Structure formats: C-alpha cells, structure tokens
Protein chains: 2
Amino acid sequence: MKDHSNAIGLSTYEHILKEMEEKNLRITEQRKTIARWFADQSGFVTPRVVYEHMTQHHSGLSFDTVYRNLRTLVSLGILEQFERADGVKFRLHCDSHHAHHHHFICTSCESIFPLDFCPMDTKIRVPEHFFVSGHRFEVFGLCSDCMINT
Amino acid sequence: MKDHSNAIGLSTYEHILKEMEEKNLRITEQRKTIARWFADQSGFVTPRVVYEHMTQHHSGLSFDTVYRNLRTLVSLGILEQFERADGVKFRLHCDSHHAHHHHFICTSCESIFPLDFCPMDTKIRVPEHFFVSGHRFEVFGLCSDCMINT
DNA sequence: CTCATTGCAAAACCTTTGCATGCGC
DNA sequence: GCGCATGCAAAGGTTTTGCAATGAG
C-alpha cells in the first residue's frame, strides 16, 4: 500500500486517470482497475500478474486487453517497461521522471529506489571516436526491510 | 571474422572445445559447429539465428538441440546470456572474464567493447542500510566503424 | 557397451491480430 | 450515434518436455 498525493493534491490513482484523459483515452472500468492497481504497487509486475488481478474485477477479461493497455500506457509514458531475466515487467513511471536518475532494485521484494548518482557524470573512458547515445545503470541488493525480514 | 589466439596459443574455437572437454561435455558435430560459429561472432545472436546457421550444416537439426546447448554453455560459463528489448541473446563469454568490467554496445552493429571503468569504484551513494549485491552498467552508442558507414 | 546427446513430436507459454459487439463520450 | 475499447477466437512465435534412437568416449 503506497499512495502519495502530489503537488496538485491528486492521489496517484487520480493522477493516472487525469493523464489518460489528457491523452484522449477513454476511461473504461478496466482502465480504472489498471490505474488503481499500479498506483498501489511498489515493484515490477508481469502482464500475467496484472491479468490475474484484473480478472478478479472483470469476469471474462481477455489477455489481449491487458497487453493492449500495457502497451498503450507505456507509449504514453504512464508506465515503464523493463526487460528482466524472467520476462517483461511493468511499473508506474517514476514520479521524478523530470530528473535523470538510476535505480536501486531490491532482489527480494523488487521494490525500486531512486539513486542520485549517475556514472556518466564522472570521468568515464570510452574508446576513442565512439559516439555515446545512452546508458543503463542499475544497482541490485537488499533494501533495509528485506534485510530485517530474513 | 574475428579470431585471436590466446596466451596458450589456442584459437578461440579450440579454446571453447577445450573448455567443453574439461567440463566433461561430449564433443558432438553440432557442438563443434556452435563453437565455430560463436568463435566467429563479435555481437549478440538470438537462438533463431544460431539455429538458422547450424541448420546449414546439419540437416534435420532441431530447435530444442540449439536451446539445450545454449543453456548448457551458459551454465558452464562459456556463453553469456543477455535480455534485450527484442528478445534473449547470446554471446561468447568475454575473454577478459577474469577482470570485472562493463561494456560499450554499438546500437548499429551490436558489437561490444570492454570498458575499463566501473561506476562502483567511485563514491556512489546508496540509500542507508542497503546491502548491495550486484550492479549493471552498459553504455550504448555508435562504434567508430558505424559512425563512418552512415 | 553405456550414457549423454540428439531428433521428433507435442505441449505450454507468451504475445499479437482481425473482427464483431459493446460502451464511453 | 460515433468511434475507441473490449472480448473472443485464432494464429504466430518462442521455449520446454518426454521418449526412443543415435553416437561419443
């Protein structure tokens, strides 16, 4: 259970709906459920998990509806997509998406925490004459909660 | 075409076979072909590409043989597995696998180049009381060859 | 000869697509 | 009512599994 209001006083859930509206998406019951679900998650989730949750609220829900919505929400920048060893996963786009940053990822609960360190800010030697267009930096380990509960 | 002999004077191909032998794997024709193929690649390859190459040398080759061997070779540390946006890919394990290092990956030809920089060597601030067990750092861009040919 | 490895076939997934129906606006 | 979203069904692709046959050591 996590939900923090933002500057304008909207809950995360309301914020997502507002973004959908601004992008001219129709606010269907299914999308409300998706929004409510992601607003409440602190970690990554697979399409399967999303489906299993949603199916509790919408009998006869089809898998392609889940996939289509995940794709749509990613392309609108509302969700983020990650390629992990055990498959594709999704997560609410980081609140602080204005500032470039990286993540600490707990290997136990899969919660993620922003880092205020970027390796590219330091002197890094890249082979001569190479053009750098992007980078990826992730730190894995145990968050304080998981260190205690094991 | 790349193949550099190592300290003991073995070609990359011979080196792979030697590793297989040491791990008590049987040297089948199929595995020779796989070894020859990976010794000759500078980038990532998908299981499909491996299959398509091998099928030229072994009529009736089955896809599961490719998968089984890829898995085996990864678990023996001969190959490395990467999760990328367009699927799972494989590559010969870096020669310099004794020294910890990261990669520069060309987004055009997918060749990879070792970097002698590790962000964890610098002072990076991780949230208090977190235990760090691993990290991932990759730089993307264009290698000098691809910058010229475009 | 023995047992790891292969080929074959089938199954289990995951993801995408086309089309008629339904629902948000 | 119009048009986007959904449900349904089916297909395409990837990866895994069981089992009998084969070939390396």
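None of the values given here were measured: they were computed from a predicted structure.
No salt bridge links A:Glu80 with A:Arg91; every basic N to acidic carboxylate O contact stays at or beyond 4.0 Å.
Nearest-nucleotide positions on DNA chain D place B:Gly87 closer to the 5' end than the other of B:Gly87 and B:Ile27.
Partners of B:Asp116 according to the side-chain hydrogen bond (donor to acceptor under 3.5 Å, both in side chains) rule, which considers only residues two or more places apart in sequence or in another chain, do not exist here. Every ring-ring contact (aromatic ring centres under 6.0 Å, His included) that B:Phe113 has, sequence neighbours left out, goes to A:Phe130.
Going from atom CZ of B:Arg84 over to atom P of D:dT14 covers 18 Å, rounded to whole Å. Rounded to an integer number of Å, the gap from B:Glu29 CD to D:dG23 C1' is 11 Å. A:Leu70 has its CG atom 14 Å from the P atom of C:dC14, to the nearest Å. Between the CD atom of A:Gln81 and the C1' atom of C:dT15 there is a distance of 12 Å, rounded to whole Å. Look at NZ on B:Lys32: it is 12 Å from C1' on D:dG23, rounded to the nearest Å. The distance between atom OH of A:Tyr51 and atom P of C:dT15, rounded to the nearest whole Å, is 14 Å. As a whole-Å value, the separation of A:Lys23 NZ from D:dA5 C1' is 18 Å. Look at NZ on A:Lys89: it is 13 Å from P on C:dC14, rounded to the nearest Å.
In this structure, of C:dT15, D:dT14, C:dC25, it is C:dT15 that holds the atom nearest to the side chain of A:Phe63.
Note: A:His53 and A:Trp37 have parallel aromatic rings, judged against thresholds of 30 and 60 degrees for the angle between ring planes. Classification of the B:Phe82-B:Phe44 ring pair by plane angle, with boundaries at 30° and 60°, yields perpendicular. In this structure, B:His100 and B:His102 have perpendicular ring planes: the angle between them is above 60°, well past the 30° mark.
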Indicate for each nucleotide in nucleotides 2-10 of chain C, in 5' to 3' sequence, whether protein heavy atoms under 4.0 Å reach the base (B), only the sugar-phosphate (S), or nothing (-). -BBSBBBB-
